[in-house]
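Because the structure is a prediction, the values reported are computed rather than measured.
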Protein chains: 2
Amino acid sequence: MPDSPTPGRRERKKAATRQAIADAALELFLEHGFDRVSVRDVAERADVSTTTLFAHFPSKEALVFDREQDVDAALAAAVRERPAGQGVVEALRAHALESWVPIVTDPRRAGFTALVGDTPALREYGERMWMRHADTLGGVIAEELGREPDDPACAALARFVLEVPALTTGRQDPRATVETVFDLLLHGWRAQAGPADPAADDPAD
Amino acid sequence: MPDSPTPGRRERKKAATRQAIADAALELFLEHGFDRVSVRDVAERADVSTTTLFAHFPSKEALVFDREQDVDAALAAAVRERPAGQGVVEALRAHALESWVPIVTDPRRAGFTALVGDTPALREYGERMWMRHADTLGGVIAEELGREPDDPACAALARFVLEVPALTTGRQDPRATVETVFDLLLHGWRAQAGPADPAADDPAD
DNA sequence: GCAGAAACTTGAACGGTTGCAGTTTCTGCC
DNA sequence: GGCAGAAACTGCAACCGTTCAAGTTTCTGC
């Protein structure tokens with residue numbers, strides 16, 4: 001009867017353990033600060049061994065960024081499934097405004113945002129997390145535009161877009177910053193893609 | 001004449017120790033790989049204690065990036081002392097082509113370049129090294145253009161320029177990549193600065 | 001020449017991370 | 001139903017980067 005959804009009991013328990021660890025970690029980090037809490041503290045609070053903790057998370061920093069795993073897919077989707085006639089850069093701008101800005105400005109995540117912003121190790125880890133998707137995003141962009149997978153302009157655009165979160169955090173008006181940065185990218189991109197390029201970025205204004 | 005006359009015996013010995021450590025480190029890293037050499041190995045080869053090693057270098061990765069310290073000053077100078085009529089972006093492009101590209105393509109540094117390129121920890125450290133100058137460069141750009149020190153567009157331009165090394169390493173034609181990326185930045189920048197802005201970037205050709 | 005700073009040393013420790021050997025718990029299959 | 005084996009988990013010890021404390025040697029300024 002407890003045959004709930006699809007996954008077996010084992011996977012459910014595993015997920016529960018992982019969740020317990022992540023919860024314990026966030027709780028302790030928010031209360032005492034990231035640097036003043038040891039991995040062993042987290043493991044003990046979650047009632048597991050440190051070995052088990054590292055079986056679920058690759059590093060101490062990863063304990064904090066629990067839920068951001070499908071960034072890759074979301075970015076690819078934002079580019080691939082953009083409205084007809086919309087350019088790649090505009091699709092990414094829309095995605096930034098709709099998906100990233102609300103997260104940063106969500107008051108329920110103020111504690112989390114402050115934790116990451118005030119801990120250098122976490123800031124760097126977070127930025128590197130974003131950058132790790134640069135190759136994927138660059139490849140998707142190139143594919144959409146019918147260019148070589150390692151096209152330098154596409155790689156550059158991908159990295160620049162992924163800098164946006166780093167550029168917005170800690171500013172009073174993230175939305176305006178996003179707009180400013182994407183204006184720069186949009187005009188630069190149009191110029192290099194060629195205004196008459198049919199597969200490129202201009203919605204024929 | 002900052003330091004030519006009499007460095008003093010003490011400072012000479014200190015410099016010698018530092019050099020011995022850096023040499024030992026590079027030698028061992030190139031031979032066995034960064035990850036397979038411990039800090040204690042390096043210290044022993046240089047005939048110092050690990051404590052002394054960390055008195056000279058802030059981290060294991062810093063052992064590799066021995067000589068790159070005045071990047072900040074060089075970047076600021078490239079912007080501030082650019083020829084009259086030359087735009088900020090163009091000055092940065094020239095600096096990239098003249099100062100960065102030769103370093104990457106220097107065959108004498110092939111081993112070094114391969115070491116950094118093949119070791120994720122070193123790649124990330126190197127990129128973060130560059131990014132650490134983003135605030136300085138952004139401030140200098142803003143100052144040159146008479147904007148607020150935290151102007152978002154200037155901050156973005158600074159970060160994007162500092163991505164260029166990461167974008168060029170590992171490519172067959174770094175020079176062409178630099179040109180492509182700076183084309184993108186140049187057009188985007190001109191558009192946002194306004195084509196008629198006298199303090200901006202267009203040499204009015 | 002002497003006081004004190006600076007470079008260096010030894011030794012120990014801390015915290016993140018991994019390896020290993022063993023135990024428990026679940027799952028697939030006969 | 002029961003068993004083989006995989007997978008989750010455990011405890012422990014170790015390694016590694018890094019730092020601290022306390023003491024020693026070496027140079028420098030006066």
Side-chain angles (χ1 to χ4, degrees), chain A residues 1-26 28-29 32-66 119-125 128-129, chain B residues 3 5-26 28-29 32-66 119-122 124-125 128-129:
Chain A
M1 65 193 116
D3 261 4
S4 25
T6 334
R9 179 203 256 84
R10 188 178 242 154
E11 296 186 27
R12 259 181 294 132
K13 283 203 167 189
K14 180 174 181 178
T17 302
R18 184 193 161 89
Q19 195 57 44
I21 295 171
D23 291 348
L26 198 54
L28 289 174
F29 292 160
H32 302 106
F34 184 77
D35 300 315
R36 271 188 290 278
V37 175
S38 82
V39 164
R40 285 155 178 107
D41 294 337
V42 175
E44 193 176 356
R45 165 89 76 140
D47 204 32
V48 296
S49 68
T50 72
T51 313
T52 297
L53 187 153
F54 279 105
H56 286 271
F57 299 88
S59 71
K60 185 185 182 185
E61 290 82 13
L63 290 167
V64 173
F65 299 97
D66 190 15
T119 310
L122 288 179
R123 276 238 308 253
E124 284 175 5
Y125 186 87
R128 266 185 280 140
M129 251 193 117
Chain B
D3 45 32
T6 315
R9 182 199 257 86
R10 186 178 247 157
E11 297 186 25
R12 259 181 293 128
K13 283 203 166 188
K14 181 174 179 177
T17 302
R18 184 194 161 89
Q19 195 57 44
I21 295 171
D23 291 348
L26 198 54
L28 288 174
F29 292 160
H32 302 105
F34 184 76
D35 301 315
R36 271 188 289 277
V37 176
S38 81
V39 164
R40 287 162 176 96
D41 294 337
V42 176
E44 192 176 358
R45 163 90 77 144
D47 204 31
V48 296
S49 68
T50 70
T51 315
T52 297
L53 186 152
F54 279 106
H56 287 271
F57 299 89
S59 69
K60 184 185 181 185
E61 289 83 14
L63 290 167
V64 173
F65 299 96
D66 192 12
T119 311
L122 288 179
E124 285 175 4
Y125 185 87
R128 266 186 279 141
M129 251 192 119

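- As a whole-Å value, the separation of A:Asp47 CG from D:dC9 C1' is 12 Å.
- Among D:dA8, C:dT17, C:dT9, the nucleotide with an atom closest to any side-chain atom of A:Glu61 is C:dT17.
- Considering CG of A:Asp66 and CZ of A:Arg18, their distance stands at 5.0 Å, rounded to 0.5 Å.
- Annotation: proximity of residues 35-45 of chain B to DNA chain C (heavy atom, distance under 4.0 Å) is found for B:Arg40, numbered in ascending order.
- With rounding to the nearest 0.5 Å, the separation of NE2 in B:His56 from CD in B:Gln19 is 11.5 Å.
- A donor-acceptor contact under 3.5 angstrom links the side-chain atoms of B:Thr51 to the base of C:dT10.
- For B:Pro58 and B:Lys13, each mapped to the nucleotide of DNA chain D holding its nearest heavy atom, the one lying further toward the 5' end belongs to B:Pro58.
- Within the 4.0 Å cut-off from OP1 or OP2 of C:dA7, not a single side-chain nitrogen or oxygen of B:Thr17 is found.
- B:Val48 and B:Thr17 make their closest contact through CG1-CG2, 4.0 Å (heavy atoms, listed as atom of the first residue, atom of the second, distance).
- Atom OG1 of A:Thr50 is separated from atom CD of A:Glu44 by 11.0 Å, given to the nearest 0.5 angstrom.
- The side chain of B:Thr52 contributes no N or O atom lying less than 4.0 Å from OP1 or OP2 of C:dC8.
- To the nearest angstrom, P of C:dC8 lies 15 Å from CZ of B:Phe54.
- We find that NZ of A:Lys14 is positioned 8 Å from C1' of D:dA7, with the value rounded to whole Å.
- Taken from CZ in B:Phe65 to CZ in B:Phe57, the straight-line distance is 13.0 Å, to the nearest 0.5 Å.
- Phosphate proximity of D:dC9 to A:His56: present, with a side-chain N or O under 4.0 Å from OP1 or OP2.
- Between the NE2 atom of B:His32 and the P atom of D:dC16 there is a distance of 14 Å, rounded to whole Å.
- Taken from CG in A:Leu122 to NZ in A:Lys60, the straight-line distance is 8.5 Å, to the nearest 0.5 Å.
- The CD atom of A:Glu11 sits 12 Å away from the P atom of D:dC9 (whole-angstrom rounding).
- Note: CZ (B:Arg12) to P (C:dA6) measures 18 Å, nearest angstrom.
- Residues B:Ala24 and B:Arg45 approach most closely at CB-CG, 3.4 Å, considering heavy atoms.
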Per-residue pairing states of DNA chain D in dot-bracket (Watson-Crick or G-U under 3.5 Å; . unpaired, | other strand) read ||||||||||||||||||||||||||||||

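- A search for side-chain hydrogen bond (donor to acceptor under 3.5 Å, both in side chains) contacts involving B:Asp41 returns B:Ser38, not counting sequence neighbours.
- The separation between A:Phe34 atom CZ and C:dG15 atom P is 13 Å, rounded to whole Å.
- Considering CG of A:Leu63 and CZ of A:Phe54, their distance stands at 7.5 Å, rounded to 0.5 Å.
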